[in-house]
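Here's the structure we're looking at; comments come further down.
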Amino acid sequence: MTERVVAEAVTVCRVAQSDWEVQRAVRLAMLLDVPAAYGSTFERELAMSEKDWRERLAIGAAWLAMDGSLPVGAAKLMPARGDGSGGEVDTHNLVGMWVAAHARGRGVADALVDAVVAEARALGLRRVTLDVEAGNARAIGFYERYGFVRTGRTSTVPHQGTPEFEMELVLAR
């Protein structure tokens with residue numbers, strides 16, 4: 001993992017394919033903590049193989065926030081799945097954003113999104129989008145404070161049926 005120190009002794013680390021076991025443990029913790037937020041189920045991801053996890057980490061870029069040796073947050077930047085119109089080429093999605101309950105309010109979310117946005121800028125992207133559950137006021141407030149705005153696109157979280165909406169951060173070129 002490539003490291004960068006952030007607020008309150010938390011380090012943001014870029015995740016490599018060799019870190020698949022840690023990423024798996026964090027993802028399973030995310031699904032237990034907030035099952036409606038991630039478009040999957042604990043059971044589905046528990047059944048995934050090492051090959052599946054390594055392949056997942058090969059797509060996009062992932063980060064973990066570490067408090068010593070304890071993972072306290074995660075985020076991933078993924079190429080956008082578009083409608084085929086070509087407009088998604090300069091857009092990636094922020095997915096799998098999570099901060100452990102005991103680490104919230106310590107700047108972990110800011111540090112993770114900073115890493116995602118820095119990568120997006122390095123890739124020359126025009127925007128970063130994300131989907132957020134409509135009832136998650138804390139997350140919505142954080143993203144709005146960071147500069148994300150609603151795009152008007154709505155959907156439902158797979159496997160949960162809860163409403164969500166898209167937000168975007170337009171990056172200065």
Side-chain angles (χ1 to χ4, degrees), residues 12 14-15 23-24 26-46 48 52-53 55-65 71-101 103-105 107-172:
V12 172
R14 179 96 175 242
V15 181
Q23 183 67 27
R24 177 183 187 264
V26 170
R27 180 71 177 182
L28 293 173
M30 293 164 58
L31 288 164
L32 288 174
D33 183 29
V34 194
Y38 299 107
S40 188
T41 65
F42 179 84
E43 293 76 16
R44 177 184 172 273
E45 299 206 12
L46 183 63
M48 289 172 54
D52 295 331
W53 286 101
E55 287 174 356
R56 179 180 272 186
L57 286 170
I59 300 168
W63 294 265
L64 291 175
V72 295
K76 187 165 186 177
L77 183 66
M78 297 275 298
R81 284 188 252 163
D83 59 8
S85 66
E88 64 278 357
V89 184
D90 60 357
T91 300
H92 277 40
N93 303 117
L94 167 58
V95 299
M97 178 71 180
W98 173 75
V99 176
R104 293 177 187 150
V108 175
D110 288 284
L112 286 164
V113 176
D114 286 348
V116 167
V117 169
E119 178 74 7
R121 289 182 202 276
L123 292 171
L125 300 177
R126 185 181 64 80
R127 69 187 193 128
V128 174
T129 62
L130 59 87
D131 291 321
V132 63
E133 186 182 4
N136 191 341
R138 185 175 184 135
I140 294 165
F142 165 73
Y143 292 128
E144 288 174 341
R145 182 177 56 75
Y146 200 94
F148 283 84
V149 296
R150 296 179 192 211
T151 66
R153 189 189 69 75
T154 61
S155 59
T156 57
V157 179
H159 307 290
Q160 301 293 331
T162 55
E164 65 182 359
F165 56 86
E166 183 181 71
M167 298 182 83
E168 71 176 350
L169 178 68
V170 176
L171 306 173

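Keep in mind that this is a model prediction, so the values were computed, not measured.
Of all non-hydrogen atoms in A111 and V12, the two that sit nearest each other are CB-CG2, 3.7 Å. Across P79 and I59, no two heavy atoms sit closer than the pair CD-CG2, 4.2 Å. For the residue pair A62 and L57, the shortest heavy atom distance occurs at CB-CD2, 4.0 Å. When every heavy atom of G105 is checked against every heavy atom of R138, the shortest pair comes out as N-NH2, 3.5 Å. The shortest heavy-atom contact between M167 and I140 is CE-O, 4.4 Å. Residues A103 and V108 come closest through the heavy atom pair O-CG2, 3.9 Å.
One finds the CD atom of E119 at 12.5 Å from the CG atom of L94 (value rounded to the nearest 0.5 Å). Here L130 contributes atom CG and M97 contributes atom CE; the two are 9.5 Å apart, rounded to the nearest 0.5 Å. Of the inter-residue distances, the one linking N93 atom CG with E168 atom CD reads 11.5 Å to the nearest 0.5 angstrom. Atom CZ of R127 is separated from atom OG1 of T91 by 4.0 Å, given to the nearest 0.5 angstrom. Atoms CG and CZ, from L64 and R14 in turn, are 12.0 Å apart once rounded to the nearest 0.5 Å. For the atom pair CG of D131 and OG1 of T156, the computed distance is 10.0 Å after rounding to the nearest 0.5 Å.
Partners of E45 under the side chain to side chain donor-acceptor pair (under 3.5 Å) rule, at least two apart in sequence or in another chain, are R27, S40, R56. Checked against side chain to side chain donor-acceptor pair (under 3.5 Å), E144 has no partners two or more places apart in sequence or in another chain. With sequence neighbours left out, D33 forms a salt bridge (charged side-chain N to carboxylate O under 4.0 Å, His left out) with R104. R24 pairs by the salt bridge (charged side-chain N to carboxylate O under 4.0 Å, His left out) definition with nothing, not counting sequence neighbours. Scored by the side-chain contact (heavy atoms from CB on, under 4.5 Å) test, A120 finds L77, L125, V128, L171 as partners (sequence neighbours excluded). Scanning for ring pair (Phe, Tyr, Trp, His ring centres under 6.0 Å) contacts around Y38 gives an empty result, with sequence neighbours left out. When the side-chain contact (heavy atoms from CB on, under 4.5 Å) test is applied to A134, the partners found at least two apart in sequence or on another chain are P163, F165. For E166, the salt bridge (charged side-chain N to carboxylate O under 4.0 Å, His left out) partners are R153, not counting sequence neighbours. Residues forming a side-chain contact (heavy atoms from CB on, under 4.5 Å) with L32 (at least two apart in sequence, or on another chain): F42. For T162, the side-chain contact (heavy atoms from CB on, under 4.5 Å) partners at least two apart in sequence or on another chain are A36, E133, V157, Q160.
Using a 4.5 Å cut-off on side-chain heavy atoms (C-beta onward), D114 and Y146 make contact. For the pair F142/V113, a side-chain contact is recorded, criterion being any heavy-atom separation below 4.5 Å from C-beta on.
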(request) Determine, stepwise, if the pair M30 / V26 fulfils side chain to side chain contact (heavy atoms under 4.5 Å, CB included). (result) CA-CA 6 Å; M30 293 164 58; V26 170; 4.0 Å; yes
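Ion pairing of D110 with R145 is present here, as a side-chain N (NZ or NE/NH1/NH2) and a carboxylate O approach within less than 4.0 Å.
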